[in-house]
Each structure stands twice: as structure tokens, then as C-alpha cells.
Chemist: 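First the structure, which I've put down as C-alpha cells, then a few questions once you've had a look.
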Amino acid sequence: MKVTIVGCSGSYPGPDSPASCYLLESDGFRMLLDLGSGSLGALQRHIGLYDVDAICLTHLHADHCLDLCGYHVARTYGPEAPYPVVPVYAPADAPRRLAAAYGMPEEPGLETAFDFVPLAPGSFEIGPFTLTAGLVNHPVEAYGFRVSDGDTCIAYSGDTGESHELVRLASGVDLMLCEASFVDGPDLPADLHLTGGQAAEHAAKAGVGRLVLTHLVPWNDQATVLDEATRGGFDGPIELARCGAVYDLA
Ligand SMILES: [Zn+2]
Ligand SMILES: [Zn+2]
């Protein structure tokens with residue numbers, strides 16, 4: 001599996017990265033995890049605009065899903081439209097929420113471009129991938145993902161506070177993309193996001209091969225986030241996500 005970080009900025013696009021979007025490729029199949037603000041532009045540095053075979057959304061906060069609106073325009077009205085409908089695995093409210101964001105009536109909503117498949121905890125076969133979704137710890141319906149292509153395996157936290165489910169999803173994966181939105185300090189809100197140190201604790205419990213800290217919020221000092229992670233008890237490689245980074249796990 002090849003993993004490309006299309007966007008890794010937390011909560012809103014930063015000067016160096018769009019919001020959350022990860023491209024997974026295996027056996028010629030291309031799947032996106034999240035399509036957050038600004039990511040549709042950066043995606044075109046890596047693959048053609050129409051070369052997406054499936055999209056999976058962890059949750060319906062804007063920084064994880066909003067570029068589906070622009071992508072609907074591209075696939076519905078592009079020069080060779082109509083393009084094949086793309087399956088979108090997402091929380092059940094996605095058709096209504098994204099139609100409202102677009103300014104479209106619920107019928108037809110965005111369904112000229114996308115075939116929405118409601119997520120629930122469990123496993124889905126998507127092209128060559130097996131995606132396992134588990135509910136994580138965030139104020140809205142939010143999933144973490146484990147994705148395997150049979151040879152290699154990754155986990156993606158989405159947005160979450162401390163979560164046993166995230167440890168389960170990430171158990172033994174080659175690469176863990178784990179959010180690290182917070183810098184440690186007093187009065188951090190519970191059940192919302194992780195610090196770098198907490199990301200490392202989850203990676204250690206799960207026994208992952210490599211930890212990539214992501215959902216990096218631009219107002220934080222990222223060196224501090226990384227430093228906290230290196231003191232979190234995980235003894236494998238740790239690095240900060242970087243827009244455009246590629247991990248070829250094969
Ligand atoms: Zn977020
Ligand atoms: Zn969120």
C-alpha cells in the first residue's frame with residue numbers, strides 16, 4: 001500500500017497544508033480518507049482529478065469533509081461529465097449535511113456524483129482494501145479506521161480524545177496516522193483531541209510500527225508536539241506529518 005499525505009492541517013487549512021486528506025493506493029485502486037478544506041486542490045498534485053475510486057469520511061466536521069462540495073461540481077459538470085459515481089462511506093447524516101453545505105435540496109443532493117454508504121462499526125470491503133471502522137471519542141459521530149490491503153496495514157485516528165477503540169483499530173499496524181491536535185497544558189477539554197504524548201501512548205499500547213503525528217493545528221508549535229510525543233513511551237519511529245509525504249509500505 002502506498003500512503004500519500006494530501007493534507008494534515010488540523011481544524012483549518014494552514015499555510016503549508018490543507019486540512020485532512022490521505023490518499024491510499026493499492027493494486028491501481030485509489031481511496032481517500034477524508035476530504036477536508038482545501039484538500040481537493042492538493043490532491044491534483046498526486047493523481048488526476050477524476051482518478052478517485054472511493055472516499056471514506058471519518059466524521060462530518062468541515063475540516064474532514066467539506067471539499068466534497070467542490071468535488072461534486074467537478075464530477076457533475078466537468079468537461080466529460082457525467083463521470084462514474086464514487087462511493088462515499090460516511091456517517092449516515094452525510095447526504096443531508098453535505099447537500100445543505102452545498103446549497104442543494106436533499107433530493108437529489110450530491111448523489112449525481114456520489115453514492116453514499118452509511119458507516120457503522122465493522123468491516124467493509126472496498127476494492128482491494130478491507131476497512132474496519134470503529135467509533136472514537138469526539139463530540140459527533142466519528143470513526144477511526146484500520147485499512148489493510150492484505151499485505152500492509154495502516155490506522156487513522158480521525159479526530160478523537162483518548163480511546164480504547166483507537167488502540168484496538170491500530171493493533172500491530174505498519175503505520176499509524178494519529179492526530180496530535182493539542183499541546184499539553186492545564187484544562188484541556190476531555191473527549192475531543194489528543195496531545196502528542198497521548199498519541200504516542202496509544203501507539204505504544206497498539207504496538208504499531210511507525211507513528212506519524214497529524215491533524216497538526218497551525219497555531220501550535222509543532223516542535224513541541226513532536227517533543228511531547230517522543231516522551232510518550234513509544235520506542236518506534238515518530239515523525240510529524242508533512243503535506244506531500246509518501247509512505248510506500250510495500
Ligand atoms: Zn478535525
Ligand atoms: Zn472533528
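Here, residue 1 is the first one in the sequence, and each next residue gets the next number. Computed from a prediction, not measured in an experiment: that's the story for all the values here. Remember, it's 1-based here, ligands and their atoms both numbered in the order they're listed.
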Chemist: Do His64 side-chain atoms and Gly36 backbone N/O form a donor-acceptor pair below 3.5 Å?
Modeler: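 It does not hold such a pair.
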Chemist: State whether a side-chain donor-acceptor pair under 3.5 Å links Thr214 with Glu179.
Modeler: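 Not at all, the side chains of Thr214 and Glu179 share no donor-acceptor pair under 3.5 Å.
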Chemist: Fit a plane to each ring of His193 and Phe182, take the angle between them on a 0 to 90° scale, and name the class: parallel (under 30°), tilted (30 to 60°) or perpendicular (over 60°).
Modeler: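 His193 vs Phe182 ring planes: perpendicular.
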Chemist: Checking the side chain of Ser163 only, and the main-chain atoms of Asn137 only, is there a donor and an acceptor separated by less than 3.5 Å?
Modeler: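 No, Ser163 side chain to Asn137 backbone: no donor-acceptor pair under 3.5 Å.
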Chemist: Within a radius below 2.8 Å of the Zn ion (ligand 1), how many protein N, O or S atoms are present?
Modeler: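 Number of qualifying protein atoms: 4.
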Chemist: Just by distance, with hydrogens left out, do Asp63 and Ser20 show a side-chain donor and acceptor under 3.5 Å apart?
Modeler: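 Result is no, nothing qualifies.
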Chemist: Work out which heavy atom in Leu57 is nearest to a heavy atom in Leu35; give both atom names and the distance.
Modeler: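 That closest heavy-atom pairing would be CD2-N, 3.9 Å.
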